[in-house]
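What follows is a set of notes on a single structure, which appears directly below.
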Amino acid sequence: MTRAPLIRQHQQGFSLVEIMVAMTLGLVLLGGTITLYASSKNSYRLQENIAGMQENARFAIHALRREVEMAGFPLARNIMPFDPDPLATFDGGNNNSDQFTIQYNSGNPPNNIDCLGNAIAAGALITNRYSINNNGDLACLGSGNPIPQTLVENVVNMQALYGIDTDADGSANQYLQAGAGIPWQNVVSLRLALLVASENAVDPTQPAGGFTLLDAPAITPNDSRLYRVFTTTIPLRNRIP
């Protein structure tokens, strides 16, 4: 039986049109992958910076609350909760940061340390001066330090109002800026607003009117960092009957 001869077929390959179509599809898929990666990275950076801002604000408010609640301790010694010296406690004016100095007597541990953790002799006066330094950080000058030290980074502005008790019921009836006319002996609470910035630039769309902290004029940042305002009111427990 005679077999039919085999017919060999030569490989023809891809045409130029097929190659161009394949390359185009590959570029589209690659572009989509790059776009998805970039979007995911930007979203991660945004969330990371927001989390960092919230953590900084939480730590700053926690540290300030602890100190403010100690202000004026003990009541029996009639210690002024805030140093009324205009060089120690003052309103910055416009939207410049305020500064305040808390005063209380050193007691038993852990109530015998200043804002930076330095132990102060029992019965001695502790003074903690809070301000925003030139780097845009919350800083404190404690009784045991010769120069201010950074407490929390990226707290770029701080505004304070003092709650005045005008009818001796232990509650604030009005909130005033620091100044020569404020009755410091009647201050029973402190209202604080902090403007916190992200560590890195994330190119956000900032509010057209800027950020308003208490009674200060609006602050409009000129960079690409993210900003948030955190506000709290802290009672002076040593001034409440």
Using the test side chain to side chain donor-acceptor pair (under 3.5 Å), find all partners of T231 that sit at least two apart in sequence or belong to another chain.
-> none
Could you tell me which residues satisfy side chain to side chain donor-acceptor pair (under 3.5 Å) with Q149, sequence neighbours excluded, listed by chain and number?
-> none
If you draw a 6.0 Å radius around CZ in F59, do more than 12 non-hydrogen atoms from other residues or ligands fall strictly inside?
-> no
Side chains of L192 and I61: closer than 4.5 Å at any heavy-atom pair?
-> no
Is there side-chain contact between I79 and P74, with heavy atoms separated by less than 4.5 Å?
-> yes
Considering only heavy atoms from C-beta outward, does the side chain of L236 approach that of F82 to under 4.5 Å?
-> yes
For a quick test of your reading: what N or O donor-acceptor pairs under 3.5 Å do the side chains of residues 114-122 make, sequence neighbours left out?
{"from": "D114", "atom 1": "OD1", "to": "L116", "atom 2": "N", "distance (Å)": "3.0"}
{"from": "D114", "atom 1": "OD1", "to": "G117", "atom 2": "N", "distance (Å)": "3.1"}
{"from": "D114", "atom 1": "OD1", "to": "N118", "atom 2": "N", "distance (Å)": "2.9"}
{"from": "D114", "atom 1": "OD1", "to": "N118", "atom 2": "ND2", "distance (Å)": "3.3"}
{"from": "D114", "atom 1": "OD2", "to": "N118", "atom 2": "ND2", "distance (Å)": "3.1"}
{"from": "D114", "atom 1": "OD2", "to": "S143", "atom 2": "N", "distance (Å)": "3.3"}
{"from": "D114", "atom 1": "OD2", "to": "G144", "atom 2": "N", "distance (Å)": "2.9"}
{"from": "N118", "atom 1": "ND2", "to": "N145", "atom 2": "OD1", "distance (Å)": "2.4"}

Check whether any side-chain heavy atom of M53 sits under 4.5 Å from a side-chain heavy atom of N154, and report yes or no.
-> no
Hey, does Y227 have a side-chain heavy atom less than 4.5 Å from the side chain of V156?
-> yes
Non-hydrogen side-chain atoms of E48 and E199 separated by less than 4.5 Å = no
Would a distance-only check, ignoring hydrogens and angles, find a side-chain to backbone donor-acceptor pair under 3.5 Å from Q54 to N49?
-> no
Give the C-alpha distance, both sets of side-chain angles, the deciding distance and a yes or no for side-chain contact (heavy atoms from CB on, under 4.5 Å) between L213 and N95.
-> CA-CA 8 Å; L213 283 70; N95 53 21; over 6 Å; no
Just distance, no hydrogens or angles: give the donor-acceptor pairs under 3.5 Å from side chains in residues 176-191, sequence neighbours left out.
{"from": "Q177", "atom 1": "NE2", "to": "D215", "atom 2": "OD2", "distance (Å)": "2.7"}
{"from": "S189", "atom 1": "OG", "to": "Y175", "atom 2": "OH", "distance (Å)": "3.0"}
{"from": "R191", "atom 1": "NE", "to": "T233", "atom 2": "OG1", "distance (Å)": "3.0"}

Without swapping roles, check the side chain of T89 against the backbone of D83 for a donor-acceptor pair under 3.5 Å.
-> yes
Under the side chain to side chain contact (heavy atoms under 4.5 Å, CB included) test, which residues partner T212, sequence neighbours left out?
-> A218
Side-chain donor-acceptor pair present, N173, T166, cut-off under 3.5 Å | yes
What pairs with R228 under salt bridge (charged side-chain N to carboxylate O under 4.0 Å, His left out), at least two apart in sequence or on another chain?
-> none
For the side chain of N133 and the backbone of A139, is there at least one donor-acceptor N/O pair under 3.5 Å apart?
-> no
Between I126 and M70, is any pair of side-chain heavy atoms under 4.5 Å apart?
-> no
For D85, does the CG atom sit with more than 12 other heavy atoms under 6.0 Å from it, leaving out its own atoms?
-> yes
